[in-house]
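Computed from a predicted model, the values in this text were never measured in an experiment. The chains referred to below are lettered A, B, ... by the order of the sequence lines, with proteins before strands, and numbering in each begins at 1.
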2 protein chains.
Amino acid sequence: MSLLRVGFQGVKGAFGEEALYNYFGEEVHTIAVKNFEDICTSLESGTIEYGVLPIENSSTGAISDVYDLINKYECHIVGETHVKVNHNLMGIKGCKMEDIEEVYSHPQAFEQSKNYLNNYKWKLVPYYNTAKSAEYIMKQGNKKIAAIGSKKAAQLYNLDILASNINSNNTNTTRFIILGKKLMVNEDCNKISVVLSTEHKAGALYHVLKHFAENNINMLKIESRPRGNTPWEYNFYIDFEGNINNDIIRKALEKMSKDCHHFKILGNYKQFN
Amino acid sequence: MSLLRVGFQGVKGAFGEEALYNYFGEEVHTIAVKNFEDICTSLESGTIEYGVLPIENSSTGAISDVYDLINKYECHIVGETHVKVNHNLMGIKGCKMEDIEEVYSHPQAFEQSKNYLNNYKWKLVPYYNTAKSAEYIMKQGNKKIAAIGSKKAAQLYNLDILASNINSNNTNTTRFIILGKKLMVNEDCNKISVVLSTEHKAGALYHVLKHFAENNINMLKIESRPRGNTPWEYNFYIDFEGNINNDIIRKALEKMSKDCHHFKILGNYKQFN
């Protein structure tokens with residue numbers, strides 16, 4: 001049996017791996033890569049058929065690197081899923097709170113656990129990701145060093161949880177997108193993502209946005225990113241409801257693309273809920 | 001003579017200090033604070049009359065923490081200025097390229113110098129800011145440790161520049177906002193910043209945006225940030241051209257605020273150019 005090859009960023013126990021299993025189930029060949037960009041190059045080279053990347057966290061906002069990557073590479077969003085992110089403080093077996101001097105984790109985990117961490121004077125060391133931080137602590141075997149990550153990472157690397165759910169916001173959720181090489185559209189797809197840039201002149205942006213209003217298309221999200229070498233020009237990433245096979249949507253997209261300097265349909269997929 | 005007390009984040013030689021002098025000139029009493037948030041609390045307590053904060057970099061985009069702060073605190077944008085950001089690799093006197101093992105700087109400086117840094121295998125250590133990194137290197141007096149920062153920081157901390165202008169983008173610019181306690185509007189003000197959130201229902205966002213289109217108001221920028229404890233609800237930060245004493249603008253703002261859940265005029269000021 002030939003299993004689907006799907007990539008995620010990080011090591012075993014990463015939230016990306018959980019997102020991957022959420023979406024594809026357990027019968028899948030998972031491939032862990034080091035950086036976000038490796039997902040895109042692995043898709044291009046065919047090493048993986050799909051890849052999973054975090055695009056947005058409900059507390060800390062857009063993951064800008066991923067927005068930039070999906071515009072740069074020839075890949076498409078074919079789905080999305082959500083992972084509830086709870087952070088836990090963990091140390092090697094026998095480690096106590098008063099032993100801790102340094103804490104390793106991804107900067108986003110520090111940010112999401114800021115209120116808790118403000119109560120302590122630990123040195124916070126930014127590290128690749130939460131699962132790799134847990135792995136590092138296990139390998140060091142030093143009671144002075146703790147990590148912040150998921151319960152699964154604690155289990156996997158045989159660490160003790162010293163404090164559970166230390167994230168400030170208990171609805172903390174990360175949205176992951178599923179990337180493939182091609183657009184995949186069926187009748188269940190109800191969310192469209194595009195990236196566009198307009199000429200740098202008065203009114204250019206609202207000329208594009210008016211196509212949403214005029215056609216009663218429900219815009220869900222708009223995100224700006226710098227466009228490249230010219231300061232203060234932007235790529236706008238817009239999510240809205242619809243299916244690209246619908247006549248109204250198709251015509252609106254045609255008109256919009258004519259008003260834009262750069263216009264790319266990133267994907268049409270089923271909204272997670 | 002009583003000088004204006006103006007705050008910036010960082011230590012002497014920080015880009016924020018340069019922005020401050022750009023805007024206020026040299027005849028000013030500068031106050032360095034540790035964190036972005038300290039600027040807002042110092043304004044509240046009256047320790048400073050104005051504060052300078054970076055809000056956006058032309059290569060790496062919005063500085064989200066600052067967007068969140070200007071919504072949270074009772075402060076207003078009274079001006080803006082731009083600082084051209086060139087990064088330089090620096091070490092203590094006599095340090096050579098082949099001595100370097102670790103490089104200290106702000107994560108944004110690593111990001112902006114990514115192409116250059118990819119040629120080397122140095123350990124990159126995230127630090128508070130570029131000027132503090134230069135100061136740290138000077139204090140350590142170790143040839144194995146280098147920093148990335150401005151030419152001014154190298155001068156100030158008596159460091160040798162080993163490589164100049166290592167940022168990938170040679171138009172790399174940071175936009176700083178000037179914060180005060182109150183709105184300050186005169187006839188020169190031609191840029192307005194607002195923050196708003198809409199009800200979480202179909203079409204709410206474009207109902208607000210249509211007031212720009214209908215009144216021929218030129219939207220310059222839109223930025224989204226998570227709104228708080230409810231996932232996937234956003235605050236939208238919108239910059240547009242105009243003066244709030246203009247009739248059309250005033251009426252559009254009134255209508256917009258009625259369509260919004262939360263609506264705040266952040267400032268009306270003179271656009272930098």
Review point. If only atom types and distance count, is the side chain of A:R175 paired as donor or acceptor with the main-chain N or O of B:W232 below 3.5 Å?
Key: no
Note: vs chain B, highest number of non-hydrogen pairs under 4.5 angstrom among A:K221, A:E233, A:R227 is A:K221
Practice item. Can you establish whether the number of heavy atoms outside B:H261 located under 6.0 Å from its atom NE2 is more than 12? Key: no
If one checks every heavy atom of B:S224 against chain A at 4.5 Å, the contacting part turns out to be both
Of all heavy-atom pairs linking A:T173 and B:P231, the shortest is OG1-CG, 4.5 Å
Between B:P226 and A:S58 the two heavy atoms that sit nearest each other are CB-O, 3.1 Å
If one checks every heavy atom of B:E56 against chain A at 4.5 Å, the contacting part turns out to be both
Applying a strict 4.5 Å limit to non-hydrogen atoms, the region of A:T60 in contact with chain B is backbone
Practice problem: Would you please test A:F236 and B:I222 for side-chain contact (heavy atoms from CB on, under 4.5 Å) and show each step? | Solution: CA-CA 9 Å; A:F236 297 101; B:I222 180 164; 4.0 Å; yes
Ranking A:D68, A:L209, A:L220, A:I217 by heavy-atom pairs under 4.5 Å to chain B gives rank one to A:I217
Applying a strict 4.5 Å limit to non-hydrogen atoms, the region of A:N170 in contact with chain B is neither
Whatever's closer than 4.5 Å to a heavy atom in chain A on B:D65 counts as side chain
I'd like to know whether NZ of A:K255 has more than 12 heavy-atom contacts from other residues, nucleotides or ligands below 6.0 angstrom.
no
Rounded to the nearest 0.5 Å, the CD atom of A:E223 sits from the CZ atom of B:R225 at a distance of 8.5 Å
